[in-house]
Amino acid sequence: MVKSDLAPRGSGAKHDLALEVREVSKHFGGVTALDNVSFSLAPGEVRALIGENGAGKSTLIKVMTGVYRPDAGELRYLGERVELHTPRDAQDAGISTIYQEINLAPQMSAARNLYLGREPRTRLGLVDVRRMVSDAREVLSQFGVYVDPRTSLRELGMGVQQMVAVARAVTTDARVVIMDEPTSSLEPREVDRLFAVIRALRDSGVGVVYVSHKLDEVFAICDSITVLRDGKRVHDGPAAELDRLGLVGHMLGRSPEELRSAAPSRRTPVPHDSEVPALLNVQGLHRRHVLHDVSLQVRSGEVVGLAGLLGSRRSETVKAIFGALPVETGSVHIDGVELAPVTPARALAAGLALLPEDRKLEGIIPDQSIKENIVLAALPRLSRAGVVSDARRDELVEVFMRRLRIKAASPNQKVRELSGGNQQKVLLARLLCLQPRVLLLDEPTRGIDVGAKEEVRALIDELADAGLGVVLISSELEELADGADHVVVLQDGRVAGELSAGHISEGEIMTIIAHHDDQQSQVGS
Amino acid sequence: TQTAEAPPAPAPSDAGQQVQSTSGDDCTYENYGGTGVEKIDLATATIGFAQSEREANPFRSAETQSIKDEAEARGIKLIATNAQGDLNKEISDIQSMLAQGVDALIISPLKSEGLDPALDAAKEQGVPIFTIDRLLTSKDACVDYIGWVGSDFVEQGRRAAEAMNRVTGGEAKAITLLGAAGVNVTTDRNAGYREWIDANAPGIEIVAEQAGDFDRQKGQTVTEQLLAAHPDITAIYAHNDEMALGAVAALKAAGRSPGDVKIITIDGTQGAVQGIIDGWISGVIESNPRFGPLSFQALEDFYSGKGVPAVQIISDKEYTPENAEAELVNAY
Amino acid sequence: MTTLTAPPETTRRRSGLMGQLRERGVYLAVAALFVFNLVFTANFATPDTLRLQLIQAVPIIIVALGMALVIGTEGIDLSVGAIMALAAAVIPLYLGYGVLPAIGMALLVGIGVGLLNGLMVAVVGLQPIIATLAVLVGGRGLALVMADGKLTELFDPTLSALGYGKVFGVPLAVLLTVVLVIMVGFVMRRTLLGRQLVAVGGNRKASLLAGVPVRRTLFAVYALSGLLAAIAGVVLTARTGAANPAYIGLEFELFAITAVVVGGTPLTGGRVRILGTVMGAMLMQLVSTTLVSHNLMDSDRRIVTALIIIGAVALHQARRRSS
Amino acid sequence: MTDRTAVAAAGSVPGPPIHDDADRRADRRDRAVALVRRSGAVVMLAVTLVAGTAGFGLNFVHPNNLLYTVAAGSAFLALVAIGMTFVIITGGIDLSVGAVLAMSAVIAAWASAQWGGIVGISFALGAAGLVGLGQGVLISMFRLPPFIVTLAGMQFARGIAFKVTDEGNQTVLIGDIGWLRWLGRGTVLGIPVPVLIALIAFAIGSLVLARTRTGQVVFAIGGSPDAASLMGLPVRRVTTSVYVWSALLAGMAGVLIAARSSTGEPTAGYGMELQAIAAVVIGGALLTGGAGKMSGTLAGVALLAVIQNLINQVGTLSQYFQDVVSGGFLLGVVLLQAGLARRRRSP
Ligand SMILES: Nc1ncnc2c1ncn2[C@@H]1O[C@H](COP(=O)(O)OP(=O)(O)OP(=O)(O)O)[C@@H](O)[C@H]1O
Ligand SMILES: Nc1ncnc2c1ncn2[C@@H]1O[C@H](COP(=O)(O)OP(=O)(O)OP(=O)(O)O)[C@@H](O)[C@H]1O
Ligand SMILES: [Mg+2]
Ligand SMILES: [Mg+2]
């Protein structure tokens, strides 16, 4: 147990290391998540923690923050050995964490989430709601979030939620801030804001642990890098000594030469030809305050990107197409046949499939097995007269686990026990075993490692080549620039512009957004 | 409720309650509560009736029905509530009827104690109360209430014990099916029974007492379990007829023949008296629920100045194999 | 209802007999109580007594089967007791047309009320506990109105056969229950409905997005629960030989929920244990027999029941803390 | 990178969505519906009160009825429902309250008859608190499901109540302790004391829920206990204390009931858990946790009491029909609320 007076914050006490983990191991049943891992963080250091999906990053973080007790090894904080029993202990000691899946109270307002457990109080000891709201407004605006802090979090997009989580973590008086994939739902603009925050933290002597699958970010912000592979530490050193290929090599356990030769080739773009009849034709979706006359077409073999800033309603657009969000007007045609009214079941039957953005809330069924999760949507096809064929199910599951390289102890493992990236692959498998004609992918590469990301991108290409239509949402513009044949840029729920093959680049997309922004708010830059 | 064309079938002459004994001063509207209450014309009055327990119990349903029938027969407007076994609700029920401006109340108290807030409120508003079935032990007749008419449950228990002694010849391994826990009837019927057995029947051994909650199904289940555990029992005392009939079903299912195990029960429902005729039940102590006529008679006497005695204990019959056939029509 | 879902740390290890038993605490509890009775309860080890345990457990098992399905969808059905009362009230009304039509009507009423529950939960979106609570209150009232509050004696050979008949020494009601358990087990293990209902309970939003017909599934589940409750009502009525809507099925909702949860089905939905549910019901039956046989008082019975419930649930929730 | 920074520098607030007339009309309608919905129980209460007045006039609105019958009769349920609100907002449930009420009533009567009122109340609340603590610990530390833990707690507490009264064979009377009787029956400025106590508890409960850190944690736990624990909130402590408070409030209601009727009934409070849950849910709480309001709960309690009172006012309904009517009423209320909620959700 750490006493809070152990090291008065901001006092002169100097330590070489803010946080240190020595030879920690952690097993889950038969799975070894951490194997003799050591890790250290100096004050004012930004250290990247890198590794494939399932390498053990999140587990290490949970060990460092009192969520898990390690099976072996010890934890040192500010030079002293500590035992953390709960996340609260860690927080009281000054270790502040943003966990991988956003862990906030979704039904409570942004302001309340920001200050949960440390609300400003009046002299009577009551929560000072007014001050809390105005403080929250102020803090959030520093993070580029301009929302009413009284809105409940659930009504805000993932991106905003992520920013609230970040704001919550860094506005405490912490000596160590740990961020497990904080940018997975952030836009470039927000990422830059986050970086500014991290630099400020570093300058004030706070140690930062930074987990991300986006290697650009790692090189942009981190001083040093620790690489985990299969629960073991395989590399530890300054960021400057490593290049991108070398880093990937450590992660995957392959030499840079091997990797270079394996670099995938991109598919040639399909022209957005208005002569060819559209496979998916969306016309004039309108929902008060949310969507305004959104139309788009996807042709067979085409990847249409949806670009936009945080809250530009990309997620809502695909949900509306899929029938998961009611709209007031608008139509959806598949192959010239209208889906009316659109419901998820009907959309699925017509060959439309949606990969939801919020994996935890709308995607996985955490307490069921990988197997059951994969076949969930395909169950009707696997059954005759209401009886499911287990043999056909297992066959299907095996095929897709292999094809997507899902890393798990067995198909019977609970999905809750998988690493984030593997959960995402399970969801992709769920869609693919439906043999859909049009895929709506909302952030398909969110939270998955470079290797898997390449796999998913290649998969998308492959699917498009096989004649599927794909709608792709990604916060990584380069993903759209590389992978999309056509891009529709959304802004505040309306189409702000479109880009066709050959003209798609990160810069073009940003220009449209910026231009549209100007028109909308008449704020000159 | 009955239609106007079909007035309530008059009960056979001796099915109604017969007063066995009375005692106490005669209470009238002029001396009630010391100062008297306003005289009203019963024919145009509104009377409130507070029932205590759920009418799922045949005794309760017959009691309520009797009050309703009598009110209808006399053309009196009646408001009825049911506390469903909740003392607090009975207090609220009574207060609620007072708020509706009833002129007099008939109360079947859930407990002998604890209605004070309601009684106080009634006193304050000058609404007289006639009580039935359970005596308000810490209150005074003609002060807090007009008078009381009811059975003596302890006495019923004693008579059941006497009957048990008679039918078993004083030698038995007996079990008791208790009524619902926490209810006066259960307590009294068991107390009277035990008291008599302890004093007079050393040969009757009570091997088990288990709650059957006055319910036939529960009585059956418990009897089945007890029969399995004690196959040698020779007698069953049930606190009401429903449980006794459950016990009969259990005995039948266990392949016993009528009369193997002697059953004594209390209430006097048709089913139980028929059970005597069929040979399964050995005796039924009657507990007459038909409080309607006596209650309204009491109110009439109260307002006419004739006066109501403080205590009227009604005479309960006993059904035996000898009289069962003839008395079946009187069972309820 | 959310329980504090343990952080992933608490993964169960399913190795070895002990692990299995801990996972299935209810089996251990049933076995322990059984042995206790064999040793300490007179006449327990006779065929009649053992048969009695089965017969008496029948109604709760049947109701609990339906309840398990409902709980699997993260729902709850408080109306089962009232449905039993309605079924009981209907039988005498239609007995004039023959016993089978009467039973048929009773079952139809069960399905009907189940569908009403389904409507309120699936379409209107009411919280199951409140929707079925309203039916619990009103349903029994309706049954009593139909029966004019009275118990009706039923003299029908077919009905009493259902209550007391035996085939090769096995009571008909027990056979019926075995068939029902197998059928519901089949539904859970092999059918689309079974898979989809646990998916709905595991994550309703995700199920919807995966094209699971959530409403239809909920309808089916509540209708099934209603049907099973009605069957239990008919069986119990047959055994009592009287339709007694005032008392039949009183508190059965709580018994059934207890059987289901003690049997290892979490109230948070997403998993259904059919055999565990049967065991849960058997456990309660054995507890009752044990206490009655040893003539414990009502108060002792309640206290012991409380301890056993906690013990059984604690046993199968007991998890290895990684040290 | 350069592009991004450039745009970031331009960073502007997303402009407000552009409205057309239809939108604006729809907005107004939405706001009205939202208002009705947010205070659904209050609105329903108002409607019922108006209907009652129209139907029964002075008999109904007379203080003798509304204050001394409806309010005084439901003060106990109100106390229990306040605790239940906290429990339900954490995503739990407490089925033990009715039994704990009976246990406390019995113990209060029994102990105060022997050792006086202070001891009686302390014993009663102590026993209630212990049951609550036991339940809270099992739920928060051992992670047993609340439903089943409190179901067992209900059996346990009821068992104790019967034990103390010798299986209900003994009537335990509170001795002649004036102030204790006053607690149950007295009035202050014409308001019955239990009503006053319930109102005070309600005020404190609202304040705790809305304006203290503990209240915030209660909501957070209901949203997601895992997330709350990862946020470093004292999940276990608050979860435990919520059950302790629920039991203490039920215990307090038990003491008042004993004081009101001078006796402790082992059968008191039977079925009260379901009534309390109904009141809380009618008041707008979600059984999945995370949402609920104290004012809603109070309105829910009042609504149930008024419905019962109206049924009594009719007076001629058979008991069975009363049940049908109250079941129907309950359903009507929640259906209406749901109807309003749906109009808001989907356009
Ligand atoms: N509660 C658990 N039970 C069983 N296995 C677990 C549990 N938690 C994690 N694991 C396993 O431990 C390994 C490490 O998982 P962890 O979540 O730490 O990976 P990660 O590096 O964070 O991956 P990602 O980048 O996908 O988030 C994985 O194989 C995972 O399946
Ligand atoms: N920076 C912001 N300022 C104000 N509101 C925002 C901001 N970002 C998001 N929102 C809100 O978040 C919600 C986002 O909706 P949606 O999920 O459709 O957007 P998105 O483009 O998919 O963005 P995300 O990347 O967050 O998923 C909207 O309710 C919007 O009001
Ligand atoms: Mg991770
Ligand atoms: Mg999105």
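A, B, ... follow the sequence lines: proteins, then strands. Residue 1 opens every chain.
Taking chain B as the reference chain and counting heavy-atom pairs below 4.5 Å, the highest number among D:Ile174, D:Leu173, D:Ile257 is found for D:Leu173. Considering only heavy-atom pairs separated by less than 4.5 Å from chain D, the leading option among B:Ala181, B:Ala211, B:Ala191, B:Gly85 is B:Ala181. With chain D as the partner, the residue from B:Ile91, B:Asp86, B:Thr186 showing the most heavy-atom pairs under 4.5 Å is B:Ile91. Contact count against chain D (heavy-atom pairs under 4.5 Å) is highest for B:Asp93 among B:Thr64, B:Leu110, B:Asp93, B:Asn190. The candidate with the highest count of non-hydrogen atom pairs below 4.5 Å against chain D, out of B:Gln51, B:Glu113, B:Lys89, B:Gln84, is B:Glu113. No other option in B:Leu98, B:Thr187, B:Ile94, B:Leu178 has as many heavy-atom pairs under 4.5 Å with chain D as B:Thr187.
A distance of 7.5 Å separates CG in D:Asn309 from CD in B:Gln100, rounded to the nearest 0.5 Å. Atom CG of B:Leu87 is separated from atom CZ of D:Arg260 by 8.5 Å, given to the nearest 0.5 angstrom. Note: B:Asn88 CG to D:Ser261 OG = 7.0 Å, rounded to the nearest 0.5 Å. In this structure, D:Ile311 CD1 and B:Asn82 CG are separated by 12.0 Å, a value rounded to the nearest 0.5 Å.
Remark: D:Phe123 pairs with D:Trp115 by the ring pair (Phe, Tyr, Trp, His ring centres under 6.0 Å) rule, at least two apart or across chains.
Using non-hydrogen atoms only and a strict 4.5 Å limit, the part of residues 264-278 of chain D facing chain B consists of D:Glu265, D:Pro266, D:Thr267. Listed in order of number, the residues of residues 185-200 of chain D that approach chain B to under 4.5 Å between heavy atoms are D:Arg185.
Contacts of B:Gln125 with chain D are made by side-chain atoms alone, with heavy-atom separations under 4.5 Å and no backbone atom involved. For D:Thr263, the part lying under 4.5 angstrom from a heavy atom of chain B is the side chain only. In this structure, no portion of B:Lys77 lies under 4.5 Å from any heavy atom of chain D.
Sorted by first then second residue, the salt bridge (charged side-chain N to carboxylate O under 4.0 Å, His left out) pairs that include residues 181-191 of chain B, not counting sequence neighbours, are B:Arg189-B:Asp267.
Shortest non-hydrogen contact noted between D:Gly73 and B:Ser92 is CA-OG, 3.4 Å.
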